[in-house]
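Below, read A as the first sequence line, B as the second, and so on, with proteins coming before strands; counting in each chain starts at 1.
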2 protein chains.
Amino acid sequence: MLDPVSRVRRFNRAVTSAVGALDTSFLGRGRPLGAARVLNAIGHGHSDVGELRDYLGLDSGLMSRLLRGLEDEGLIGTQAHEDDARRRVASLTRAGKREFAAYEAMSNTQAESFLARNSQVEALLAAMDLIASALTRERIALAEMDPQSEEARYCLGEYYAELGRRFKQGFDVSLSRDPDAKDMRRPRGSFIVATSDTLPIGCVGLKGTDHGYAEIKRLWVAPCARGLGLGKRLMNAAEDAARTLRIALLRLDTNSALPEAGQLYRTTGWREIPRFNDDPYPDLFFEKQIRA
Amino acid sequence: MLDPVSRVRRFNRAVTSAVGALDTSFLGRGRPLGAARVLNAIGHGHSDVGELRDYLGLDSGLMSRLLRGLEDEGLIGTQAHEDDARRRVASLTRAGKREFAAYEAMSNTQAESFLARNSQVEALLAAMDLIASALTRERIALAEMDPQSEEARYCLGEYYAELGRRFKQGFDVSLSRDPDAKDMRRPRGSFIVATSDTLPIGCVGLKGTDHGYAEIKRLWVAPCARGLGLGKRLMNAAEDAARTLRIALLRLDTNSALPEAGQLYRTTGWREIPRFNDDPYPDLFFEKQIRA
DNA sequence: CATATTATCTGACTAAAGTCCGATAATGCT
DNA sequence: AGCATTATCGGACTTTAGTCAGATAATATG
């Protein structure tokens, strides 16, 4: 009852019955679960019939009949794919959008009421983030994004907040050279965000300079995603980006108050070098040669 | 994507697909899910047919047919209940026990591999406990137990560990008067444990004395269950127990290093009184008159 | 002791989910 | 152009889950 495995299994039981309750609530709109799932998947952007089948794990005959049913209800329409007329693309009609919105409202209400029933909301959310990240770790996606996109700004906000907590003297963003977004956009640089099922959980910036090297900046991994090797994955992605940009030398600065970071760099081929800028925060400097 | 509701829904999605995988793995033994669930419920001690129906939420006809099926497979047997021959009691045959053990092994393996895939095991387990407790808070059961039962000893162990952490000077159990278990058994007293789906998450002791009052001792609420009002529920249960034991006056001692506790007592009708024992740890003393 | 209540079982039924296979039409390949 | 491949569709079918209305037997109640 008290060993780790039992605790995991207790969690599974609790969550299984909660998920069951969530599922049956979807029956409230007079439609079997299968049809409701298809409608919601379409609403969430899975429009290709083939992709829908994959996402929901359904047989093609079953899928087809469910789509026909939703069409008969007037909730969706299907068109041939513009590049390949064998494939079909589903889309919500006006009525379908209303129905989808109703399901969304139910889901949101449910989530809100769960939060409202509990007091330690921040602790709960952190626990949920942690578990969701652990469960979906195989599905963490890295993607290049604009450094001013919503996802990137969220990551940077969390990054600065964390620096503020880590440095005893606090951290003032304006004091650190805040690299121009344009230096972290192609063709000068790159900005990479890791997301786990829509939640940004890490980032790294590759900032172009005019001195024959590029800098790695803003490496951040969300607390809920630590221990998954995400830092290394992000660094590899940044190096790959540097390769495609034909950048041969990378530099970075960091602070000894962030020991995990220094450890990561040392074990992945970075070499400590003397200070190469006059930024007041960093006290450790690294360099790495990129092989094509 | 970043607001609390989205985070809850991300968690729901992650967990739904994990639960689905877990469910389908149960299909691997060539038996539909319904039958597998019944077999496992019996294995976990739900032997009464009526209780089984309740626990699994199944119609009596369906239940009956599933039991017949398992009987035909030679996995279970049913007998009339010894007190009431209308009721039936199911039990595993030798083959049934083997089959149940196989399901258990699958569940355990799954839990182990989840833990093995992740590094921050302690953080994950704490998060799982927290969420499981939040999800099952409506189903927290209070029950009188022997103060030397496994559940009670677990609670007391955690309680002392927590005291050790809270008191700067540490805490030596042997120094505090460890009330004899017999003083917390009927008819002199009582010991109440709160469990959430088999995990003990809180306790309280009612210790009889020869001085015309009883003492409340060892009030503990697991970290993962705080904020759910469990302390108050435990205290109410202890007062109820005192009523059934015809004890009219309760006393307790506590320490100002545990502010939540003092707060709880003050808001539930307890009155601060002068020191009534020479125990070195407590520095706050309370009393409450119990009305029949 | 007669009657009502209960716990379970059986049979007849429906709905939902899922499988399998052949048909159809668009596309890719030689 | 001819042929294989691919994506979807529709029909026939099975399994699983679930409902409902008696039937039966044991127990409770007046």
Student: With a 4.0 Å heavy-atom cut-off, tell me which residues in residues 35-55 of chain A come close to DNA chain C, sorted by residue number.
Tutor: none

Student: Roughly how far apart are A/Thr195 OG1 and A/Leu142 CG, rounded to 0.5 Å?
Tutor: 8.0 Å

Student: Near DNA chain D, counting only heavy atoms under 4.0 Å, which residues of residues 22-33 of chain B show up?
Tutor: B/Pro32, B/Leu33

Student: How would you list all residue pairs meeting salt bridge (Lys or Arg N to Asp or Glu O under 4.0 Å) that involve residues 47-67 of chain B, not counting sequence neighbours?
Tutor: B/Asp48-B/Arg87

Student: Decide side chain to side chain donor-acceptor pair (under 3.5 Å) for A/Ser196 and A/Ser133; before the verdict, give the C-alpha distance in whole Å, the side-chain angles of both, and the deciding distance to 0.1 Å.
Tutor: CA-CA 7 Å; A/Ser196 162; A/Ser133 296; 4.6 Å; no

Student: Identify, with sequence neighbours excluded, every residue that meets side-chain hydrogen bond (donor to acceptor under 3.5 Å, both in side chains) alongside B/Tyr103.
Tutor: B/Arg31

Student: Output the distance between atom CG (B/Leu75) and atom CG (B/Leu70), rounded to the nearest 0.5 Å.
Tutor: 6.0 Å

Student: Considering only heavy atoms, which members of residues 63-81 of chain B lie under 4.0 Å from some atom of DNA chain D?
Tutor: B/Arg65

Student: Kindly write out the residues that satisfy salt bridge (Lys or Arg N to Asp or Glu O under 4.0 Å) with B/Arg86, not counting sequence neighbours, or none if the list is empty.
Tutor: B/Asp84

Student: Is there a salt bridge (Lys or Arg N to Asp or Glu O under 4.0 Å) between B/Glu71 and B/Arg68? Walk through the geometry before answering.
Tutor: CA-CA 5 Å; B/Glu71 239 170 10; B/Arg68 252 9 88 231; 2.6 Å; yes

Student: Any salt bridge (Lys or Arg N to Asp or Glu O under 4.0 Å) involving residues 8-20 of chain B? Give me the pairs, sequence neighbours left out, ordered by first then second residue.
Tutor: A/Glu104-B/Arg9, A/Asp129-B/Arg10, A/Asp197-B/Arg13

Student: By nearest heavy atom, map B/Leu62 and A/Ala85 onto DNA chain C; which one lands nearer the 5' end?
Tutor: B/Leu62

Student: Using Watson-Crick and G-U wobble pairs whose two distances are both under 3.5 Å, how do you write the pairing of DNA chain C as dot-bracket, with | for links to another strand?
Tutor: ||||||||||||||||||||||||||||||

Student: For A/Asp59 and for A/Arg87, locate the closest nucleotide of DNA chain D by heavy-atom distance; then report the residue assigned to the nucleotide nearer the 5' terminus.
Tutor: A/Arg87

Student: Within the 4.0 Å heavy-atom criterion, would you say B/Asp84 contacts the bases, only the backbone, or no part of the nucleic acid?
Tutor: sugar-phosphate

Student: Are any side-chain N or O atoms of B/Thr136 and backbone N or O atoms of B/Ala132, one a donor and one an acceptor, separated by less than 3.5 Å?
Tutor: yes

Student: Of all nucleotides in DNA chain D that come within under 4.0 Å of a heavy atom of chain B, which is furthest toward the 5' end and which toward the 3' end?
Tutor: D/dT16 to D/dT27

Student: Return yes if some donor-acceptor pair links the side-chain N/O of A/Arg7 with the main-chain N/O of B/Leu199 below 3.5 Å, else return no.
Tutor: no

Student: Not counting sequence neighbours, which residues clear side chain to side chain contact (heavy atoms under 4.5 Å, CB included) with A/Ile247? List them please.
Tutor: A/Leu206, A/Ala214, A/Ala242, A/Leu245, A/Leu250

Student: Quick one: are A/Phe191 and A/Val204 in side-chain contact, heavy atoms under 4.5 Å?
Tutor: no

Student: I'd like to know if the side chain of B/Ser190 reaches the main chain of B/Arg186, judged simply by a donor and an acceptor atom lying under 3.5 Å from each other, with no hydrogens or angles considered.
Tutor: no

Student: Going 5' to 3' along DNA chain C, which nucleotides are the first and last within contact of chain A (any atom under 4.0 Å from a heavy atom)?
Tutor: C/dA16 to C/dT27

Student: Looking at residues at least two apart in the chain, or sitting in another chain, which of them share a ring pair (Phe, Tyr, Trp, His ring centres under 6.0 Å) with A/His81?
Tutor: none

